[in-house]
Colleague: 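Have a look at the structure that comes next, please.
All heavy atoms count here, side chains included; hydrogens, waters and symmetry mates do not.
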Amino acid sequence: QITLHQKLNKLQEKHLQSAEAKKVIQELLTHKNDYSVNTLNEYVHGSKTDKVYREFLNRFWDKLSPIFAELIELKEVATF
């Protein structure tokens, strides 16, 4: 079975081109980082509530944008 860490490592090494997306993956893989896979896992499966407030979750989501932008060609749309 392939772990999320292994999948992220493979993405970083073989599929991502931008330095920004690779940096985000490195941050996700760093256990002590607030924006890590471990924090996300604790949020989804754990009972800690210290990082459940809306602003933190919004920043976490925004932090993932460079990865999504490269993988699915995410683009910002101008609103009028």
Side-chain angles (χ1 to χ4, degrees):
Q1 184 173 355
I2 299 173
T3 67
L4 180 56
H5 278 90
Q6 291 169 322
K7 289 178 183 180
L8 289 171
N9 274 324
K10 184 157 185 125
L11 267 176
Q12 183 182 33
E13 294 169 4
K14 304 214 183 238
H15 300 287
L16 296 177
Q17 302 299 316
S18 81
E20 187 177 9
K22 289 180 179 185
K23 180 182 175 202
V24 170
I25 290 200
Q26 192 57 47
E27 291 174 7
L28 286 170
L29 294 173
T30 304
H31 179 70
K32 294 180 182 177
N33 188 344
D34 277 346
Y35 300 102
S36 71
V37 171
N38 295 329
T39 301
L40 186 59
N41 188 49
E42 182 62 37
Y43 170 71
V44 172
H45 302 289
S47 58
K48 287 185 182 177
T49 58
D50 59 327
K51 294 185 174 118
V52 181
Y53 54 95
R54 181 176 8 138
E55 294 84 6
F56 178 81
L57 295 174
N58 283 339
R59 282 194 307 270
F60 203 123
W61 182 254
D62 290 344
K63 197 107 170 116
L64 299 175
S65 294
I67 297 170
F68 295 142
E70 192 164 337
L71 293 177
I72 60 174
E73 297 182 32
L74 184 69
K75 295 178 175 57
E76 288 191 30
V77 177
T79 58
F80 298 96

Colleague: Heavy-atom count around E20 CD within 6.0 Å, excluding the residue itself: above 12?
Modeller: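 Counting neighbours around CD of E20, 12 or fewer heavy atoms of other residues, nucleotides or ligands fall under 6.0 Å, so no.
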Colleague: Rounded at 0.5 Å granularity, tell me how far CG in L40 sits from NE2 in H45.
Modeller: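 Answer rounded to 0.5 Å: 8.0 Å.
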Colleague: side-chain contact (heavy atoms from CB on, under 4.5 Å) between N9 and Q6: does it pass, once the steps are laid out?
Modeller: CA-CA 5 Å; N9 274 324; Q6 291 169 322; 5.6 Å; no
Colleague: Going by side-chain contact (heavy atoms from CB on, under 4.5 Å), name the residues that satisfy it together with H15, two or more places apart in sequence or in a different chain.
Modeller: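 Residues passing side-chain contact (heavy atoms from CB on, under 4.5 Å) with H15: K10, L11.
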Colleague: Hey, could you give me the CG/CG distance between L4 and L28, rounded to the nearest 0.5 Å?
Modeller: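 One gets 8.0 Å once the value is rounded to the nearest 0.5 Å.
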Colleague: Could you give the distance from CG (L16) to NZ (K22), rounded to the nearest 0.5 Å?
Modeller: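 The distance works out to 7.0 Å.
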Colleague: Enter the distance from L64:CG to I25:CD1 here, rounded to the nearest 0.5 Å.
Modeller: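 Interatomic distance, L64 CG to I25 CD1, rounded to 0.5 Å: 9.5 Å.
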Colleague: Take the angle between the ring planes of F60 and Y35 and call it parallel below 30°, perpendicular above 60°, tilted in between.
Modeller: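 F60 vs Y35 ring planes: perpendicular.
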Colleague: Taking I2 as the starting point, is it possible to reach L29 by hopping between hydrophobic residues whose side chains are less than 4.5 Å apart?
Modeller: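 No; tracing contacts between hydrophobic side chains, which count when under 4.5 Å, never links both residues.
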Colleague: Could you state the interatomic distance from CG (L8) to CD1 (I67), rounded to the nearest 0.5 Å?
Modeller: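 Rounded to the nearest 0.5 Å, the CG-CD1 separation comes out at 7.0 Å.
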Colleague: State, to 0.1 Å, how close F56 and D34 come at their nearest heavy-atom pair, and which atoms those are.
Modeller: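 Residues F56 and D34, closest heavy atoms: CZ-O, 3.5 Å.
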Colleague: What are the two closest non-hydrogen atoms of P66 and A21, and how far apart are they?
Modeller: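 Heavy atoms only, the tightest pair is O-CB, 3.8 Å.
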Colleague: Out of curiosity, S36 OG to K63 NZ, how far, rounded to the nearest 0.5 Å?
Modeller: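 Rounded to the nearest 0.5 Å, the OG-NZ separation comes to 11.5 Å.
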Colleague: Within the distance-only criterion (no hydrogens, no angle test), does the side chain of E70 pair as donor or acceptor with the backbone N or O of Q17 below 3.5 angstrom?
Modeller: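 Present.
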